[in-house]
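If you're wondering where the values come from, they're calculated on a predicted model, not measured in any experiment. The basis for the numbers below is simple: all heavy atoms, side chains too, and nothing from hydrogens, waters or symmetry mates.
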Amino acid sequence: MITVVPAAPPAGPAHRNAEKDLTLPAWPVAGILLFYPLWWALGLGVLIFPLMAAPMLFLLVRRRAAGRPLRLPPGFAWWMIFLAAVVVSIAALGADPAGTVVERAAGRLPAVVYKLVMYGSLTVLLLYAGNLTERELSRHRLVRLLAGMFVLTVLGGLLGMVAGGFEFTSPVEWLLPHGLRSKGFIRSLVHPYAAQIMDLVGGDAPRPAAPWGYTNTWGNNFCLLVGWLLVAAGAAGSRRRWVLTWLCLLASIAPAVASLNRGLWIGLGVILLYVAARYVIAGKLWVLGVLALAAGMIAVALAATPLGTTVQARLDNGKSNGVRAFLTERALNGFIESPVIGYGGTRNTVGGRNSITVGESSDCERCGNFTIGGNGQLWQLLFSHGAVGTAGYLGFFGYGLWRFRRDRTAIGVAGSAALVSSFSAMLWYNSLVTPLAFMVLAYALLWRNWIEGTNN
């Protein structure tokens with residue numbers, strides 16, 4: 001007896017649409033990175049993250065509704081604890097710790113909402129980038145995009161060096177009411193400029209900031225992205241690509257020194273030591289030769305140019321040390337007074353570190369009234385969100401370092417190095433927005449690398 005099996009129906013429009021619903025397009029992630037110079041010039045800058053988070057969230061929900069499970073990164077429970085602490089700590093927003101400017105909770109709410117929106121947007125970015133398949137957005141393409149962001153950082157740094165006064169009014173800025181766009185914080189979001197002009201070593205001098213808004217953010221992103229340039233060059237396997245990579249690294253020395261950013265210098269040292277240790281432990285002693293070559297290039301650049309004098313002048317002038325120590329002490333005092341949930345956000349001190357009579361005015365927005373929690377992500381976490389929020393934040397990234405510690409691929413080492421550098425940077429840098437974005441993308445790459453290794 002012959003059994004006749006009915007032929008499968010041809011794939012019609014409904015079947016193709018169902019398959020399409022399960023696909024996550026790459027453009028939300030690639031669009032942020034590839035076109036960031038455009039977003040910066042338009043005045044969107046970091047605002048592009050919540051704007052792109054909306055379609056990313058929609059696409060994730062649509063895919064989940066179509067039957068595809070949503071993967072969560074290892075240790076995600078820690079991150080949820082952090083987000084919950086951020087929300088719960090808003091209850092303490094009306095408290096005025098000793099020595100801080102008295103203000104109503106409603107006046108502090110806009111800044112808190114802004115941070116909450118950014119944390120939520122970057123959470124969506126983490127989930128979206130981690131759920132992309134190799135066919136949708138390969139790991140190596142994402143690495144190349146991040147490498148491009150390092151090149152952009154170097155170009156922005158060079159622009160800040162040679163044209164420190166370069167700035168312009170962006171289209172978004174034009175659309176804002178004058179009273180709103182004249183506020184310092186709003187201006188920092190929508191007004192493109194090449195450098196911050198500051199007096200740190202005697203006389204005003206430009207410190208590279210483009211396209212990240214602040215010199216400290218520029219330095220933080222420099223450390224978070226430099227490893228991806230090397231990974232991209234290694235994956236290409238081209239002599240020409242390696243030549244261009246070393247030329248880019250050589251060119252990056254000048255803005256890195258001109259930034260007068262000691263945190264950047266320390267961060268690079270931490271990355272080099274970590275990467276060297278990883279490769280030496282794996283028996284790849286050739287990395288010591290690469291490190292020696294890099295150190296020689298830096299030494300020659302410092303000795304043969306005025307850059308060496310600039311470094312020494314910065315080391316001899318620690319004008320910010322007293323302010324940082326003052327703010328760290330205030331943050332720790334605030335943590336002791338509200339250790340569980342913190343105060344929901346930052347606070348401004350009454351006066352400066354030497355006198356309570358110094359304060360902001362219409363002529364000088366930045367005089368006195370220093371921001372508690374503005375001198376490093378760790379201090380902001382402790383003061384704003386207490387032990388619970390700090391444990392959630394550190395627990396998530398710390399768990400990632402532990403979970404992916406056996407990943408000896410180039411992506412594994414570079415991603416781990418980025419997270420290690422972020423742990424050192426949190427002593428003097430704040431993470432929102434772009435540094436945290438690059439941290440979660442590094443986490444997503446580590447996560448996807450682990451999944452691919454498990455499946456293979």
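Rounding to the nearest 0.5 Å places CG of L378 at 12.0 Å from OG of S424. Rounding to the nearest 0.5 Å gives a distance of 5.5 Å between CZ of R448 and CG of L132. For the atom pair CG (L122) and CG (L432), the distance works out to 6.5 Å, reported to the nearest 0.5 Å. Distance CD/E103 to CZ/R347: 8.5 Å, rounded to 0.5 Å.
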Under the side-chain contact (heavy atoms from CB on, under 4.5 Å) criterion, do Y114 and V433 qualify, and how do the steps go?
CA-CA 10 Å; Y114 166 81; V433 177; 3.5 Å; yes
Would you check, one step at a time, whether the test side-chain contact (heavy atoms from CB on, under 4.5 Å) holds for M56 with L125?
CA-CA 7 Å; M56 282 192 280; L125 176 63; 4.1 Å; yes
Step by step, work out the ring pair (Phe, Tyr, Trp, His ring centres under 6.0 Å) result for F383 and W379.
CA-CA 6 Å; F383 184 85; W379 317 120; over 10 Å; no
Hey, mind stepping through N221 and T434 against side-chain hydrogen bond (donor to acceptor under 3.5 Å, both in side chains) and telling me if it holds?
CA-CA 7 Å; N221 288 342; T434 50; 3.0 Å; yes
What's the verdict on side-chain contact (heavy atoms from CB on, under 4.5 Å) for T349 and V101, showing C-alpha distance, side-chain angles and the deciding distance?
CA-CA 6 Å; T349 62; V101 176; over 6 Å; no
Full working for side-chain contact (heavy atoms from CB on, under 4.5 Å) between T346 and Q380
CA-CA 7 Å; T346 59; Q380 184 172 123; 4.0 Å; yes
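Side-chain atoms of N449 never come within 3.5 Å of backbone atoms of L445 as a donor-acceptor pair (strictly under, hydrogens ignored). Judged by distance alone, with hydrogens and angles left aside, the side-chain atoms of S422 form a donor-acceptor pair with the main-chain N or O of L419 at under 3.5 Å. The closest donor-acceptor contact from the side chain of R324 to the backbone of N375 lies under 3.5 Å. Side-chain atoms of T215 come within 3.5 Å of backbone atoms of R207 as a donor-acceptor pair (strictly under, hydrogens ignored). Judged purely by atom type and a 3.5 angstrom limit, R108 uses its side chain to pair as donor or acceptor with the backbone of L93. With hydrogens and angles disregarded, no donor-acceptor distance shorter than 3.5 Å links the side chain of W228 to the backbone of L145.
Between R187 and E173, at least one side-chain nitrogen of the basic residue sits less than 4.0 Å from a carboxylate oxygen of the acidic one, meeting the salt-bridge criterion. The residues E134 and R141 are annotated as not salt-bridged, no charged nitrogen and carboxylate oxygen being separated by less than 4.0 angstrom.
A cation-pi arrangement is not found for R262 relative to W265, the charged atom failing to lie both closer than 6.0 Å to the ring centre and inside a 45° cone about the ring normal.
Counting non-hydrogen atoms of other residues, nucleotides and ligands closer than 6.0 Å to CZ of R405 gives a total above 12. Within a 6.0 Å sphere centred on CH2 of W78, heavy atoms belonging to other residues, nucleotides or ligands number 12 at most. No more than 12 heavy atoms of other residues, nucleotides or ligands shown are found within 6.0 angstrom of CH2 on W402.
Contact between P37 and L152 at its shortest, heavy atoms only, is CG-CD1, 3.7 Å. Minimum interatomic distance between E136 and A26 (heavy atoms only, all atoms of both residues): O-CB, 3.3 Å. Heavy-atom minimum distance, P206 versus M161: CG-O, 4.3 Å. Annotation for G373 and N430: closest pair O-ND2, 3.0 Å, computed over non-hydrogen atoms. What you find for P211 and Y36 is that their closest heavy atoms are O-CE2, 3.8 Å. Between L33 and M149, the shortest heavy-atom contact is O-SD, 3.1 Å.
A 4.5 Å side-chain heavy-atom check between F150 and L249 finds at least one atom pair inside the cut-off.
With hydrogens and angles left out, the side-chain atoms of Y343 and S384 include no donor and acceptor closer than 3.5 Å.
Looking at N216, N261, N220 one by one, the single match for side chain to side chain donor-acceptor pair (under 3.5 Å) with Y429 turns out to be N261.
F396 meets the ring-ring contact (aromatic ring centres under 6.0 Å, His included) test with W79, Y443; sequence neighbours excluded. Under the rule for a side chain to side chain donor-acceptor pair (under 3.5 Å), the partners of S431 that lie at least two apart in sequence or sit in another chain are Y393.
Relative ring orientation between Y279 and W286 is described as tilted, the plane-to-plane angle lying within the 30° to 60° band.
Checked against the 6.0 Å centroid criterion, the rings of Y193 and F168 do not qualify as a close aromatic pair. Separation of the W212 and F438 ring centroids falls under the 6.0 Å cut-off. Remark: aromatic rings of F397 and F423 are distant, center separation not under 6.0 Å.
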